[in-house]
Amino acid sequence: MLLGVIADDMTGATDVALMLNRTGMRTVQVIGVPPAGWALPEADAVVVALKSRTTPVAEAVADSLAACDALLAAGASQILFKYCSTFDSTAQGNIGPVADALMQRLGTDFAIVCPAFPANGRSIYQGYLFVGSVPLHESSMKDHPLTPMRDSNLMRLIGAQAKGVVGLVDYATVLAGPGAVKARFAALQAKGMRYAVTDALTNEDLMTLGHAVSGHVLLTGGSGIAMGLPQNFRRAGLLPERAAPERLKPPHGRAGILSGSCSAATREQIRAALAAGYPARKIDPMELARGELNAVDLADWALSQPADAPFLLYSSDDPAEVSAVQEKLGREKAGAVVEEAFAEIARRLVDAGVTRLLVAGGETSGAVVLGLGIRTLEIGPEIDPGVPWTRVIDGPELVVALKSGNFGAPDFFVKAWDLLR
């Protein structure tokens, strides 16, 4: 293994695994902290998918360090801590505390901060994170039910969570090339700065940054920063050229969509699926909490639908409705009751012969994957930027697509199945 990746949620793990896979690195995704004595799969890169984005800080740090130890033991020479391209976090963490702990474990005192992902409209300029044409705090992320983002300045965001001083590699430096970026890194380190936010507007910028961090033992950022890493290993003679997979042969069986994301992008995708005539049922969290609805009923409904189109079960709602439910149940319980239901629904669907699942939302994906007991995933073809189909390696005959709530075009739920035919 050349590269080890620690991802703070399931969809983010799949996203970065796809980025590496399509640039020629044989990449496997592992679910959860590898247990002691369990040999990691042979691959150029291994991505460990954690559910640490919104867990208590101490738990997130402990899981991330355990994943790091497993990756180092398997031979990784570089570690990437991958988080969301919208820097999903709170003032307390978990990005800063995990980055600090990894820095200490790896014996380094410097790391970049680069959540840029231009293909999905995430760019950084003068240290400010943009979503499309608006600053992060003006995007739909300001209303995220778990990690509302109310600031766009990455230096302030990481500075509030992590130890030490934060510097900036501005866009003019990035345009000047890898040599200039390396010189800027050295200058920041000489001033005692521990983190460097790096501007990036295009894929070419990410390639420049990837080249410049070839000697860094720790990187932090979104999946975009992984774009330039394979070439570093090729320049060192460690990685051959390979083509990315174009198709993934699915097992025979039924198809379905489970959506817990409340992002604007996912709500658009639900509307497109409804317009396409997909049988759909909305899940009311209050009915689940009161015991008026349960996973058995919802799985039975899904299995009773015609098999000629994917069924859709969704709890996705607009921010006002989500806030109303959270006020009644509390933020943690509101999320837990839906995640537990989706995990049980997924188990019942797979036991009944569903072999193709598309799951929307990072927390929902985490609940479903853990509920199904999946340990490793093979990365397949890309549906939309950042979202591939994957095949379960060591579990049920199943292909799954784990979609970050903010990712995908409006027709994502409709077109995804074409890559499986």
Side-chain angles (χ1 to χ4, degrees), residues 3-32 34 40-51 82 84 120 223 226 242-261 266 269 310 342-343 346-347 349-350 354-405 407-408 412-413 415-421:
L3 177 68
V5 183
I6 302 164
D8 68 355
D9 83 335
M10 298 296 167
T11 57
T14 307
D15 171 13
V16 70
L18 169 66
M19 182 69 70
L20 295 168
N21 201 55
R22 74 182 187 190
T23 53
M25 293 192 86
R26 295 174 304 175
T27 306
V28 174
Q29 181 175 335
V30 175
I31 311 302
L40 289 173
E42 289 189 9
D44 301 319
V46 172
V47 179
V48 177
L50 301 178
K51 199 172 182 292
K82 193 276 175 192
C84 190
N120 272 327
S223 61
R242 294 194 191 94
E246 296 180 0
R247 292 271 169 182
L248 191 68
K249 186 176 181 180
H252 294 291
R254 298 196 57 178
I257 304 167
L258 305 177
S259 177
S261 169
T266 297
Q269 291 154 5
F342 273 124
R347 284 193 291 268
L349 293 176
V350 171
V354 173
T355 61
R356 311 171 188 201
L357 271 181
L358 197 163
V359 188
E363 299 300 316
T364 308
S365 294
V368 167
V369 167
L370 293 175
L372 292 173
I374 296 170
R375 294 295 306 179
T376 51
L377 295 170
E378 172 192 353
I379 307 302
E382 185 175 40
I383 304 167
D384 267 338
V387 193
W389 278 109
T390 70
R391 182 178 67 85
V392 176
I393 296 175
D394 60 345
E397 285 290 316
L398 181 66
V399 292
V400 293
L402 307 174
K403 187 192 82 73
S404 172
F407 283 10
F412 182 89
F413 286 169
K415 72 182 180 185
W417 316 101
D418 291 339
L419 290 174
L420 298 179
R421 293 172 184 168

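- Between Lys82 and Asp15, the closest side-chain pair of non-hydrogen atoms falls below 4.5 Å.
- With a 4.5 Å cut-off on side-chain heavy atoms, Val400 and Val359 do not count as touching.
- The two residues Gly361 and Ser261 come nearest to each other via the heavy atoms CA-CB, 3.7 Å.
- Here the side chains of Leu402 and Leu377 are in contact, with some heavy-atom distance below 4.5 Å.
- Contact annotation: the side chain of Leu349 approaches that of Leu258 to within less than 4.5 Å [non-hydrogen atoms, C-beta and beyond].
- Within the 4.5 Å cutoff, no side-chain heavy atoms of Leu372 are placed close to those of Val392.
- Taking 4.0 Å as the cut-off between side-chain N and carboxylate O, Glu363 and Lys51 count as a salt-bridged pair.
- Distance alone, capped at 3.5 Å, places no donor-acceptor pair between the Arg356 side chain and the Arg254 backbone.
- With Gln29 contributing its side chain and Ala17 its backbone, the two residues share no donor-acceptor pair below 3.5 Å.
- Residues Ser404 and Val387 are not in side-chain contact: their nearest non-hydrogen atoms beyond the backbone lie 4.5 Å or more apart.
- Separating the CE atom in Met19 from the CE atom in Met25 is a distance of 13.5 Å, to the nearest 0.5 Å.
- A donor-acceptor pair is defined here as one N or O able to donate and one able to accept, closer than 3.5 Å; such a pair exists between the side chain of Arg347 and the backbone of Gly371.
- Shown here for Ala416 and Leu358, the closest heavy-atom pair between the two residues is CB-CD1, 3.7 Å.
- Residues Lys403 and Asp384 are not paired through a salt bridge, judged by the lack of any N-O separation under 4.0 Å between the basic side chain and the carboxylate.
- In plain terms, the two heavy atoms of Gly12 and Ala7 that are nearest each other are C-CB, 4.2 Å.
- The shortest distance between side-chain heavy atoms of Phe412 and Thr266 does not fall below 4.5 Å.
- With hydrogens and angles disregarded, no donor-acceptor distance shorter than 3.5 Å links the side chain of Glu397 to the backbone of His252.
- Contact record, Gly253 with Thr355: CA-OG1, 3.3 Å, taken as the closest heavy-atom pair.
- With Thr364 contributing its side chain and Ser259 its backbone, the two residues share no donor-acceptor pair below 3.5 Å.
- Screening Asp44, Thr27, Leu20, Val47 against Leu3 for a side-chain contact (heavy atoms from CB on, under 4.5 Å) leaves a single residue, Leu20.
- Considering all non-hydrogen atoms of both residues, Ala367 and Ala343 come closest at O-CB, 3.4 Å.
- Separation of atoms CZ (Arg391) and CG (Leu398) is listed at 10.5 Å; rounding is to 0.5 Å.
- Val48 is listed as a side-chain neighbour of Pro34, based on a closest heavy-atom distance under 4.5 Å.
- Contact detail for Val399 and Trp389: the closest heavy-atom pair is O-CZ3, 4.0 Å.
- Every residue two or more places apart in sequence or in another chain that forms a side chain to side chain contact (heavy atoms under 4.5 Å, CB included) with Thr376 is listed here: Val28, Val30, Trp38, Pro41, Ile393, Asp394.
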Q. Step by step, would you call Trp417 with Ile257 a side chain to side chain contact (heavy atoms under 4.5 Å, CB included)?
A. CA-CA 11 Å; Trp417 316 101; Ile257 304 167; 3.7 Å; yes
